[in-house]
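Notes follow once the structure below has been shown.
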Amino acid sequence: MSDKVYNVLFLCTGNSARSILGEAVMNKLGDGRFRAYSAGSQPKGEVHPMALSVLNGMGYDTSGMRSKSWDEFSKPGAPEFDFIFTVCDNAAGETCPVWIGHPMTAHWGIEDPAAVEGDGQRDAFMQALRYLTNRISLFLTLPLASIDAMAMKQKLKEIGRSEGASPQAGADK
């Protein structure tokens, strides 16, 4: 059993909802084997209140969660990522910074729960949380220490195409 801790970055344009959910879920389910972060290309500057409400209600740690730019993670001294997952279609189409260490990337897009207003918003966030939890759970079953890069890329793409996938999810990047 390897003692390696894998660093994972979840990217979205605004870093206020989906990427925040992914960060929280990976940090909890990763159980110390993974350290998750989130960022956005054009951060909103604050985490969506419903994201915090849903996460807190489900027992996730939200301390220190904030909306931040991906530029924070492309500077010297930033964590070196093993995996980077885009969770919104807009971020998947943007030109990303050059990441140190050439991490494995995949697009795991899901629809934006923050786009839903009114009575259905909590349900939309709960659904997004469920989709991300399912993807992360699948990811955590992969034999990271023994799988080759080509097989890993294929598995990550398949995970991105699982239930709730947005139109671009699982597409070649």
Side-chain angles (χ1 to χ4, degrees), residues 1-43 60-61 64-112 128-173:
M1 181 88 164
S2 172
D3 289 336
K4 177 173 176 49
V5 174
Y6 295 92
N7 287 325
V8 180
L9 179 62
F10 289 90
L11 293 177
C12 202
T13 304
N15 187 221
S16 68
R18 291 166 284 185
S19 53
I20 294 288
L21 297 176
E23 176 183 0
V25 172
M26 180 64 81
N27 279 328
K28 184 173 183 175
L29 298 183
D31 197 27
R33 292 183 348 158
F34 294 85
R35 175 71 180 111
Y37 303 84
S38 67
S41 58
Q42 299 168 32
Y60 288 91
D61 181 11
M65 294 245 166
R66 62 186 178 87
S67 177
K68 58 207 156 296
S69 173
W70 62 18
D71 292 338
E72 284 189 31
F73 298 107
S74 61
K75 295 178 180 175
E80 187 172 316
F81 294 104
D82 299 288
F83 300 94
I84 297 178
F85 303 121
T86 54
V87 292
C88 74
D89 289 348
N90 288 342
E94 293 176 329
T95 302
C96 292
V98 175
W99 304 107
I100 297 168
H102 307 289
M104 184 74 62
T105 62
H107 180 54
W108 288 0
I110 59 171
E111 296 301 321
D112 186 4
L129 180 64
R130 184 171 57 83
Y131 291 151
L132 286 166
T133 299
N134 289 345
R135 283 171 172 71
I136 291 166
S137 295
L138 289 168
F139 172 72
L140 293 175
T141 67
L142 296 176
L144 301 183
S146 62
I147 192 170
D148 69 62
M150 189 184 293
M152 175 65 79
K153 188 74 174 165
Q154 184 60 36
K155 291 290 187 190
L156 295 178
K157 191 184 298 186
E158 288 170 13
I159 291 170
R161 292 180 182 142
S162 63
E163 180 186 15
S166 64
Q168 291 182 21
D172 289 326
K173 282 187 55 170

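Predicted, not measured: the structure shown is a model, and the values here were computed from it.
With hydrogens and angles ignored, the 3.5 Å screen pairs a side-chain donor or acceptor of Ser69 with a backbone N or O of Asp71. Of the possible polar contacts, none joining the Lys157 side chain to the His107 backbone as a donor-acceptor pair under 3.5 Å is found. Looking at Arg135, its side chain never comes within 3.5 Å of a backbone N or O of Arg130 through a donor-acceptor pair. In this structure a side-chain-to-backbone donor-acceptor pair under 3.5 Å is present from Ser67 to Asn15. Listed for the Ser19 side chain is no donor-acceptor partner under 3.5 Å among the backbone atoms of Leu11.
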* To do: May I have the step-by-step check of side chain to side chain contact (heavy atoms under 4.5 Å, CB included) for Phe83 and Asn7, ending in yes or no?
  => CA-CA 7 Å; Phe83 300 94; Asn7 287 325; over 6 Å; no

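Between Ala24 and Asp61, the shortest heavy-atom contact is CB-O, 4.5 Å. Taking every heavy atom of both residues into account, Leu21 and Ala128 meet most closely at CD1-CB, 3.9 Å. Taking each heavy atom of Val87 and Cys12 in turn, the nearest pair found is CG2-CB, 4.0 Å. Closest of all the heavy-atom pairs between Ala106 and Leu156 is CB-CB, 3.7 Å. Across every non-hydrogen atom of Ile110 and Gly164, the tightest pair is CG2-O, 3.6 Å.
Distance check, rounded to the nearest 0.5 Å: CE of Met65 to CD of Glu23 gives 4.0 Å. Taken from CG in Asp31 to CE in Met26, the straight-line distance is 12.0 Å, to the nearest 0.5 Å. Summarising the geometry, atom CZ belonging to Phe34 is positioned 10.0 Å from atom CD1 belonging to Ile136; distances are rounded to the nearest 0.5 Å. Note that CZ of Arg161 is 11.5 Å distant from CD1 of Ile159, once rounded to the nearest 0.5 Å.
Looking at residues two or more places apart in sequence or on another chain, you find a side-chain hydrogen bond (donor to acceptor under 3.5 Å, both in side chains) between Asn27 and Arg35. Among residues two or more places apart in sequence or in another chain, the side-chain contact (heavy atoms from CB on, under 4.5 Å) test is passed with Lys155 by Leu142, Ile147, Glu158. By the side-chain hydrogen bond (donor to acceptor under 3.5 Å, both in side chains) test, Asp82 pairs with Lys4, sequence neighbours left out. With sequence neighbours left out, Phe85 forms a ring-ring contact (aromatic ring centres under 6.0 Å, His included) with Phe10, Trp108, Phe139. Shown here are the side-chain contact (heavy atoms from CB on, under 4.5 Å) partners of Thr133, two or more places apart in sequence or in another chain: Val25, Leu29, Tyr60, Leu129, Ser137. Scored by the side-chain hydrogen bond (donor to acceptor under 3.5 Å, both in side chains) test, Asn134 finds no partners at all (sequence neighbours excluded). Taking the ring-ring contact (aromatic ring centres under 6.0 Å, His included) definition, one finds that Phe81 meets it with Tyr37, Phe73, sequence neighbours left out. With sequence neighbours left out, Glu72 forms a side-chain contact (heavy atoms from CB on, under 4.5 Å) with Arg66, Lys68.
Applying the ring-ring contact (aromatic ring centres under 6.0 Å, His included) test to residues at least two apart or on different chains, none of the pairs has a partner in residues 140-162. Residue pairs satisfying the salt bridge (charged side-chain N to carboxylate O under 4.0 Å, His left out) criterion with at least one member in residues 99-110, sequence neighbours excluded, are absent. Residue pairs meeting the side-chain hydrogen bond (donor to acceptor under 3.5 Å, both in side chains) criterion with at least one member in residues 139-151, sequence neighbours excluded, do not occur.
The existence of a salt bridge linking Arg18 and Asp112 is confirmed by a sub-4.0 Å separation between a basic side-chain nitrogen and an acidic carboxylate oxygen.
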